[in-house]
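Below: one structure, written as structure tokens.
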4 protein chains.
Amino acid sequence: MRRVAADAKNTRQRILRYSTVEFAAKGYDGARVDSIARRCRLSKNMLYHYFHSKEGLFIAVLESAYETFRMHQRDFVVRHADPIDAMRQLVDYTFEALLENQHIIALLNTANLHKGRHMRRSRVMRSLYDPLLDTIREILQRGAATGAFRPNIDPLNLYLSLSALAYNYISNQHTLKFAFGINFMTKPRRDAWLAHITDLILTYCCANTRH
Amino acid sequence: MRRVAADAKNTRQRILRYSTVEFAAKGYDGARVDSIARRCRLSKNMLYHYFHSKEGLFIAVLESAYETFRMHQRDFVVRHADPIDAMRQLVDYTFEALLENQHIIALLNTANLHKGRHMRRSRVMRSLYDPLLDTIREILQRGAATGAFRPNIDPLNLYLSLSALAYNYISNQHTLKFAFGINFMTKPRRDAWLAHITDLILTYCCANTRH
Amino acid sequence: MRRVAADAKNTRQRILRYSTVEFAAKGYDGARVDSIARRCRLSKNMLYHYFHSKEGLFIAVLESAYETFRMHQRDFVVRHADPIDAMRQLVDYTFEALLENQHIIALLNTANLHKGRHMRRSRVMRSLYDPLLDTIREILQRGAATGAFRPNIDPLNLYLSLSALAYNYISNQHTLKFAFGINFMTKPRRDAWLAHITDLILTYCCANTRH
Amino acid sequence: MRRVAADAKNTRQRILRYSTVEFAAKGYDGARVDSIARRCRLSKNMLYHYFHSKEGLFIAVLESAYETFRMHQRDFVVRHADPIDAMRQLVDYTFEALLENQHIIALLNTANLHKGRHMRRSRVMRSLYDPLLDTIREILQRGAATGAFRPNIDPLNLYLSLSALAYNYISNQHTLKFAFGINFMTKPRRDAWLAHITDLILTYCCANTRH
DNA sequence: GATGAATGAGATTTCATTCAT
DNA sequence: CATGAATGAAATCTCATTCAT
């Protein structure tokens, strides 16, 4: 009996894994239930058995991708007492996490295309809330206290800025490659971008003058 | 129901206009040729007559959207001698342009999902190159010359940063709304964001210290 | 005025010429009105103006192809007093005529596929009757009279045999090529076949024994 | 309307059977997938499920028709020691086999119209090679050995002649009916034709004189 | 819980034909 | 006589979903 249960869980996981790949590669509308079943080496009925519909499957994929992502974030611990080093580490971490998990970008893009309809239908995704925001808030406070950072930086704005800078670079890579003839995904290019956005963020945090 | 007189150029334009809306709203795979034809009050085969295939139509839409966008950018003139004011104006302009033409964001996202396949098939899109990059370069040079800006800022990096900050805020609005329960598209919120990213960019340009 | 009339005739002829090519190459159902119009560098309306419908056009093509063919046959004159030489010449002529005008084969095949429906609709095709049949009858009579040929050969049977032998070799060339890996349309092969069927026919005509 | 139980093999066979009828009756381009599905009392997608495309279906039909035909030929055994009787039997057999299976004629005609494209795409049809050719070769050898037949008759030429004479009579029946006002498919007419072509072939095989 | 067979609705695309000028 | 623009019907093909076992 335990075996069966374990298998069921395995099957569910397998479906989720391959569905994630499919939905990330082709978007919600481009993804094919047939194709997912084939990837899973499973009959389509199983997908319906476990997830009820294509939309249900997509929602589950979103949830699990987010869950994974959130757990990643939770694992993140600020290893540096110094706020500047901590912030530097955070930028680094954010960019690397997205690079390693580009699926989440494609999934969020397709979710956004659908105006968030799928997310709203999810019971689980009630807290898409990113724990990094708290980390940012905490680092900013410590930085302000030590005088390393200017006071009154809005943590949400900083979070959005950091996300945008890391996310967009990856999300628009094909357009950018086409426009500038540059493959921005090579290691040197990625490193340069990380250095740049770190500079950008830190300069902002540390600045004391107004222009 | 028979259409009147209608010359080809008009029809082509009409098709493009409505197709843009459809593709932007639903992505390449979610868009329906039927739906476009209905919007145009035209029979489907006309779309095929003018654009050959759904893909051909999408490419034409991308091209025309980009053309429009590029012309917008061309119209942009720096009205301020002062580099800081010029840069402020540029940020403002970029964000407003994207806000007013959110179609282009959705179109680029779906093009990116397809790994740029459509762009590569386009003969016209050979120069997606954004003229704003030149403007940025010029402003940076002037700012460095007057000492307002630090020297050696890479124009491409600044361009990418600015784009990311403006683009992502709009592109991910639904995820963000869901995550934070905030409608980021209200006028006050948009203004606040514009102020923030202007601050971010300018602080970066004007900073003279290293951290 | 005469010019216009002349042009009209030209236009009709042009349409017929290109339609023949199209119908012969693709059969009735495979032929495309659009494609014909393009070949003619004419707007489709012209086809409808002159021929009323695709079917009307096909019938006209059949008629004209047959007309041409019949005129060819009429031109044929037996140049040899000797019945054997005359028959030899006839076989040669028949095979060469079909080789030079393979369109007629494809057209007749497609007409046969449609169970002769198109021919029956034609007013002009009332006498598809091949004048060669008369020539055969006459040669056979002369041959029987001189004792060169056996008596009582049925001209229709001989006509059908000759036609079948010449026609099928061309009509089934692709199947045969595929089955035997031989390109039967090379000059040496064609010559060999002509020699063979001449032999076959003449042997039959001249034989005096029963088996 | 839901179908019962039905296993795949049966369904495949059913599709093939009705497709054969449709393709034979209307040619490749005239055949309608819809019409086949209706005949099969099956939804269209099943055809695509089993055969991938209309072309795939046609190829399968060709293959199966040929397979059937080849098996027929294999079943053929020369029951007569006497070469003349054997040849007579062969002619009879060939004509009857085509009469009973007129589908194959229509299918080959449409395959030829398409210049053999479909056959070349078939992996199975690699040996369209007709076993009757071997039989012919063997009969000719025996006939030559006994002196009943003249030596040096080319088996392939004889095969082609026999095929042409039997095939064309059936294939062109509608043209012939139209041209001569005779229904060549009545029993007496068919018998007469069989007698004639038997005579023609045997006369050729037995002749010892040159003309 | 799992499968193979099947479906209905609808997707993209094609094509003979006609209208307005 | 001639055209460019347009159409309606139907063609091929796809896809999320369900049934019977």
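In the text below, chain A, chain B and the rest are named by the order of the sequence lines, each starting its count at 1.
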Let me know the distance between CZ of Phe51(D) and P of dT12(F), rounded to the nearest Å. 16 Å
For dT17(F), does the base pair up with any side-chain atom of Lys44(A) as donor and acceptor (N or O, under 3.5 Å, distance only)? yes
Considering every strand shown, what is the Watson-Crick or G-U wobble mate of dT21(E) when both distances are under 3.5 Å? dA2(F)
Applying the Watson-Crick and G-U wobble criteria at under 3.5 Å, what pairs with dC13(F)? Answer none if nothing qualifies. dG10(E)
Nearest-neighbour nucleotide for the Tyr50(D) side chain, dA5(E), dT13(E), dC15(E) considered: dA5(E)
note: Leu47(D), atom CG; dC15(F), atom P; distance rounded to Å ~ 17 Å
dA6(E) phosphate, OP1 or OP2, under 4.0 Å from Thr11(D) side-chain N/O: yes
Using whole Å, report how far CD of Gln13(B) lies from C1' of dA5(F). 16 Å
Here the gap from Tyr48(C) atom OH to Ser43(C) atom OG, rounded to the nearest 0.5 Å, amounts to 11.5 Å
Does Arg32(A) place a side-chain N or O at less than 4.0 Å from the phosphate oxygens OP1/OP2 of dT14(F)? no
Nearest-nucleotide wise, let me know which of Gly30(C) and Asp29(B) is further upstream toward the 5' end of DNA chain E. Asp29(B)
Looking only at side-chain N and O atoms, does Ser171(A) offer a donor or acceptor that is under 3.5 Å from a partner on Asn109(A)? yes
For atom NZ of Lys9(B) and atom P of dG4(F), their distance in whole Å: 16 Å
Taking NZ from Lys54(C) and P from dT18(E), how many angstroms apart are they, rounded to a whole number? 14 Å
Residue met sooner reading DNA chain E from 5', once Arg41(A) and Tyr48(C) are mapped to nucleotides: Arg41(A)
Separation of dA6(E) atom P from Arg12(D) atom CZ, nearest Å, is 13 Å
Closest to the 5' end of DNA chain F, once Val33(D) and Met46(B) are matched to their nearest nucleotides, is Met46(B)
What is the separation between atom CG on Leu42(D) and atom C1' on dA5(E), rounded to the nearest whole Å? 10 Å
Ignoring hydrogens and geometry, is there a side-chain-to-backbone donor-acceptor pair from Glu22(A) to Arg32(A) under 3.5 Å? yes
Look at the rings of His118(C) and Phe58(C) and say which category their plane angle falls in: under 30° parallel, 30 to 60° tilted, over 60° perpendicular. perpendicular
Counting the atoms with a prime plus P, OP1 and OP2 as sugar-phosphate, which does Ala37(B) contact under 4.0 Å by heavy atoms, base, sugar-phosphate, or nothing? nothing
For Asp34(D) and Ala31(A), take the nucleotide of DNA chain F holding the closest heavy atom to each; which residue's nucleotide lies nearer the 5' end? Asp34(D)
Check every atom of dA16(F), dT3(E), dG4(F) against the side chain of Ser43(A) and return the nucleotide holding the closest atom. dT3(E)
What closest approach, in Å, do Met119(D) and Met125(D) show between heavy atoms, and which atom pair accounts for it? CG-CE, 3.4 Å
Under 4.5 Å between any side-chain heavy atoms of Phe69(C) and Asn101(C), yes or no? yes
Starting from P on dT12(F), measure out to NE2 on His52(D) and report it in whole angstrom. 16 Å
Ignoring the backbone of Asn45(A), work out which of dT12(F), dT13(E), dT3(E) is nearest its side chain. dT3(E)
His49(C) side-chain N/O to dC1(F) phosphate OP1/OP2 under 4.0 Å: yes
